[in-house]
Amino acid sequence: MMAHKFSPQSIERLLSEERCNAVKPHQFLRDCGLDAGMTVADVGCGPGFFTVPASNIVGRKGLVYAIDVQEEMIRILKRRTRRKNIVPLLSKEHRIPLDARTVDFALLAYVLHEAEDKFKFLKEVKRIMKKGARIVVLDWKKKREKEGPPFAERLALKDARRLVEEAGLSVDRVSSFGSSHYIISALK
Ligand code: SAM
């Protein structure tokens with residue numbers, strides 16, 4: 001079964017004030033260890049809900065690669081912001097157009113459950129991470145809810161954690177984020 005991709009037609013859901021108040025993306029990224037001067041990969045960036053706050057945190061000496069497989073998402077992101085420290089990149093399903101060991105921090109926000117081959121995808125993200133870089137996976141808990149992706153498309157925390165570990169990343173923090181989401185934080 002082809003993994004379902006979030007439709008660019010529904011981006012207002014990703015950019016709503018309600019979501020911003022609930023997630024507080026700036027605070028979220030700070031709490032995850034994002035800091036000034038870092039090079040970040042926002043993999044599966046969509047219209048840039050996390051990309052823009054990430055660019056505020058890393059500042060002029062840092063860089064945010066905003067990466068997505070959907071051309072329409074990249075187009076929308078470019079329309080929303082033209083900041084010098086944001087580099088939008090169109091990727092392939094399991095191929096990110098960056099050299100190995102480029103980033104200090106990789107964010108996978110609500111994207112792992114959409115990847116066709118989750119293991120291959122994580123290995124590819126690991127490839128672009130520097131040694132000692134951090135990866136943060138934020139995704140939906142495997143439960144039936146009105147909001148969010150259908151139950152069948154969700155990836156359980158234990159399965160996501162196993163995949164991250166099998167990809168060769170060292171998990172050092174796992175937590176709940178609100179009642180619907182989980183965070184897995186790991187180092188290369
Ligand atoms: N991270 C953003 C956020 O939280 O607002 C967007 C989340 S949206 C639910 C998931 C995004 O991941 C979509 O824009 C989709 O195109 C992208 N995506 C799905 N599979 C991907 C892959 N293999 N590589 C890169 N991006 C992918």
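Just follow the structure's listing: the first ligand is 1, and inside any ligand the first atom is 1. Source: prediction; values computed, not measured. What's counted below: heavy atoms across the whole structure, side chains too, no hydrogens, waters or symmetry copies. Positions are given from 1, in the same order as the sequence printed here.
- A salt bridge between E71 and R75 is absent, with no side-chain N of the basic residue lying under 4.0 Å from a carboxylate O of the acidic one.
- Note on ring orientation: taking the six-membered ring where Trp is involved, the planes of Y110 and W140 are tilted (angle from 30° to 60°).
- Using a 4.0 Å cutoff on heavy atoms, R19 counts as a contact of ligand 1.
- For the pair K143 and F151, the cation-pi test (distance below 6.0 Å, angle within 45°) is failed.
- Using modelled atom types, one finds no donor on one side chain facing an acceptor on the other under 3.5 Å when comparing E147 with S180.
- Distances between N or O atoms of E93 and those of ligand 1 include at least one value under 3.5 Å.
- Taking only nitrogen or oxygen atoms, main chain and side chain alike, Q70 reaches within less than 3.5 Å of ligand 1.
- Across the listed options K5, E114, K118, E114 owns the non-hydrogen atom lying nearest to atom 15 (C) of ligand 1.
- Ion pairing between a basic and an acidic side chain is recognised when a charged N comes within 4.0 Å of a carboxylate O; E166 and R162 show such pairing.
- Salt-bridge check for K5 with E93: passed, with a basic side-chain N closer than 4.0 Å to an acidic carboxylate O.
- Under 4.0 Å from ligand 1, the heavy atoms of C45 that appear belong solely to its backbone.
- Looking only at distances, a side-chain donor or acceptor of R80 sits under 3.5 Å from a matching main-chain atom of P47.
- When each atom of ligand 1 is checked for a heavy atom of F121 under 4.0 Å away, the hits are 22 (C), 23 (N), 24 (N).
- The option from G46, A109, G148 that lies nearest to atom 7 (C) of ligand 1, judged by heavy atoms, is A109.
- Salt bridge status for D172 with R134: present, with a side-chain N to carboxylate O gap under 4.0 Å.
- Nearest protein neighbour of atom 18 (N) of ligand 1, counting heavy atoms only, is V111 CG2, 3.5 Å.
- Residue, atom and distance of the protein heavy atom nearest to atom 21 (C) of ligand 1 are V69 CG2, 3.6 Å.
- Side-chain N/O atoms of K130 and T39 include no donor and acceptor closer than 3.5 Å.
- Close approach of ligand 1 to F49 is summarised as follows: ligand atoms under 4.0 Å from at least one heavy atom of the residue are 5 (O).
- At a threshold of 4.0 Å, the pair D139-R154 does not count as salt-bridged, since none of the basic side-chain nitrogens sits closer than that to a carboxylate oxygen.
- Heavy-atom contacts of F50 reach the following atoms of ligand 1: 4 (O) (cutoff under 4.0 Å).
- When hydrogens are left out, the protein atom nearest atom 8 (S) of ligand 1 is F6 CB, 3.7 Å; that is the closest non-hydrogen contact.
- Comparing D68, L15, T51 by heavy-atom distance to atom 16 (O) of ligand 1, the nearest is D68.
- In this structure, the protein non-hydrogen atom closest to atom 6 (C) of ligand 1 is G44 O, 3.3 Å.
- The ligand atoms of ligand 1 that sit less than 4.0 angstrom from a heavy atom of Y110 are 4 (O), 9 (C), 10 (C).
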